[in-house]
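Index from 1, following the sequence.
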Amino acid sequence: TVEADGTVNFDEESDGVVLTGTTQAGSSVEVTFGGNTYTATVDGETWTLNVDAGVFAQGEYDVDISVTATDAHGNTASTMDTLNIDTITSLSLDTSAAGGNGVVNAEEHGDGVLVTGIAEAHASVVVTMGGYSHTVDADADGNYTVTFPASETPTGTLDQVVTAISTDLAGNTATASGSVHIDTELDVAINTAGVAIDGIINDVERDGTVALRGTSDPYADIEVMFEGMTATTTANSNGQWAVNFDGSGIRGGDIEMGVPAS
């Protein structure tokens with residue numbers, strides 16, 4: 001009946017543990033565990049031993065406790081029982097499965113965010129992302145999985161914090177956290193007004209190289225199509241990109257030309 005269930009968890013050990021039992025009135029009682037013997041307090045037929053915090057080492061193990069009573073005539077009686085100590089637990093959180101690499105793009109957004117981890121076997125785990133929480137039980141190996149559907153997954157470009165709190169069968173808790181990068185937006189722009197300085201390609205400039213420039217997300221892959229020609233590049237860390245086209249492939253005349261970029 002120690003701590004109601006015969007198991008001492010972290011919170012219970014931290015404020016001390018009470019061992020109790022019965023004996024013949026007037027007897028003295030000694031309690032032995034961990035290689036040390038303690039004298040209990042006897043009140044009528046009840047004995048009590050207050051074990052201070054820190055006496056039981058942290059961990060997960062069983063403690064054999066022996067009790068010996070001696071009455072006023074020198075007669076003795078002994079008994080033994082086992083107390084379970086469980087003051088530790090563990091928890092991990094892995095967000096790398098979201099989007100396959102920890103990043104959720106626009107196409108992957110419909111699949112939501114997958115979070116996995118490991119807790120103690122059969123522990124209850126509450127996983128929270130944004131204003132949404134899901135509670136699951138770890139399996140016999142401690143594995144747990146939670147999926148936040150698309151309706152609970154934001155759009156835009158942001159880092160979404162994910163936290164997990166586990167409670168094991170002994171009542172010990174542990175916390176872990178991670179983040180998922182959400183990137184469902186991509187911008188691209190092209191600056192045709194600056195082509196050949198004034199946005200107009202004359203006959204002399206058509207004999208050389210024509211450069212097209214624009215902006216997008218940093219490190220985005222860019223494909224530019226111009227007059228049946230295609231050029232690819234990658235935006236720099238500031239999102240700026242530039243491609244060159246051979247002017248000889250550009251039609252002559254006085255015309256407006258569309259330049260799609262993606």
Strictly by modelled atom types, are His181 and Gln160 linked by a side-chain donor-acceptor pair under 3.5 Å? no
Check the hydrophobic clustering (I, L, V, M, F, W, Y; side-chain heavy atoms under 4.5 Å; chains of links allowed) and say if Ile165 and Val146 are grouped together. no
Considering only heavy atoms from C-beta outward, does the side chain of Val224 approach that of Ile222 to under 4.5 Å? yes
Can you tell me how far the CG atom of Asp81 sits from the CG atom of Leu83, to the nearest 0.5 Å? 8.5 Å
Between atom CG of Asn105 and atom OG1 of Thr155, what is the distance when rounded to the nearest 0.5 Å? 13.0 Å
Is the shortest side-chain heavy-atom distance between Glu223 and Met225 below 4.5 Å? yes
Is any side-chain heavy atom of His122 less than 4.5 Å from a side-chain heavy atom of Asp139? no
Please output the side-chain donor-acceptor pairs of residues 29-55 that fall under 3.5 Å, not counting sequence neighbours, one pair per line with the distance.
{"residue": "Thr32", "atom": "OG1", "partner": "Thr37", "partner atom": "OG1", "Å": "2.9"}

Between CG of Asn75 and CD of Gln24, what distance do you get to the nearest 0.5 Å? 8.0 Å
Do any N or O atoms from the side chain of Asp71 and from the backbone of His73 form a donor-acceptor pair under 3.5 angstrom? yes
I want to check something: taking the side chain as every heavy atom from C-beta on, are Phe148 and Val180 in contact at a cut-off of under 4.5 Å? no
Residue list, side chain to side chain donor-acceptor pair (under 3.5 Å) with Thr232, at least two apart or on another chain: none
I'd like to check Leu19 versus Ile65 (side-chain heavy atoms, cut-off strictly below 4.5 Å). Are they in contact? yes
Strictly by modelled atom types, are Thr209 and Asn244 linked by a side-chain donor-acceptor pair under 3.5 Å? no
Listed partners of Asn172 passing side chain to side chain donor-acceptor pair (under 3.5 Å), at least two apart: Asp86, Asp168
Closest non-hydrogen atom pair between Ser90 and Ala174, with its separation: C-CB, 4.3 Å
Evaluation steps, side chain to side chain donor-acceptor pair (under 3.5 Å), between Ser179 and Asp159: CA-CA 6 Å; Ser179 65; Asp159 288 319; 5.1 Å; no
Is it true that the side chains of Ser78 and Thr68 contain a donor and an acceptor less than 3.5 Å apart? yes
Apply side-chain contact (heavy atoms from CB on, under 4.5 Å) to the pair Trp241 and Ile190, showing each step before the final yes or no. CA-CA 9 Å; Trp241 58 265; Ile190 186 169; 3.9 Å; yes
In terms of side-chain heavy atoms, does Ser133 have a donor or acceptor partner in Thr128 at a distance below 3.5 Å? yes
Measuring from Ser216:OG to Leu186:CG, what's the distance to the nearest 0.5 Å? 4.5 Å
Report the C-alpha separation of Leu91 and Tyr144 in whole Å, then their side-chain angles, then the decisive distance to 0.1 Å, and conclude whether the side-chain contact (heavy atoms from CB on, under 4.5 Å) test is met. CA-CA 10 Å; Leu91 177 67; Tyr144 70 89; 3.7 Å; yes
I need the Ile118 CD1 to Thr116 OG1 distance, nearest 0.5 Å. 8.0 Å
Between Val125 and Val127, does a side-chain contact (heavy atoms from CB on, under 4.5 Å) hold up when you go through it step by step? CA-CA 6 Å; Val125 184; Val127 184; 3.9 Å; yes
With heavy-atom distances below 4.5 Å as the criterion, would you say the side chains of Glu3 and Glu13 are in contact? no
Distance check, rounded to the nearest 0.5 Å: Asp246 atom CG versus Glu227 atom CD? 12.5 Å
Non-hydrogen side-chain atoms of Phe56 and Val63 separated by less than 4.5 Å: yes
Less than 3.5 Å apart, any donor N or O on the side chain of Thr82 or Asp62 sitting next to an acceptor on the other? no
N/O donor-acceptor pair under 3.5 Å between Ser27 side chain and Thr23 backbone: no
Kindly determine whether Thr147 and Val115 satisfy side-chain contact (heavy atoms from CB on, under 4.5 Å), including the steps that lead there. CA-CA 6 Å; Thr147 299; Val115 176; over 6 Å; no
Between the side chains of Thr7 and Asp5, is a donor N or O closer than 3.5 angstrom to an acceptor N or O? no
Between Asn9 (side chain) and Glu12 (backbone), is there a donor-acceptor pair under 3.5 Å? yes
Contact check, side chains of Gln240 and Arg213, non-hydrogen atoms, under 4.5 Å: no
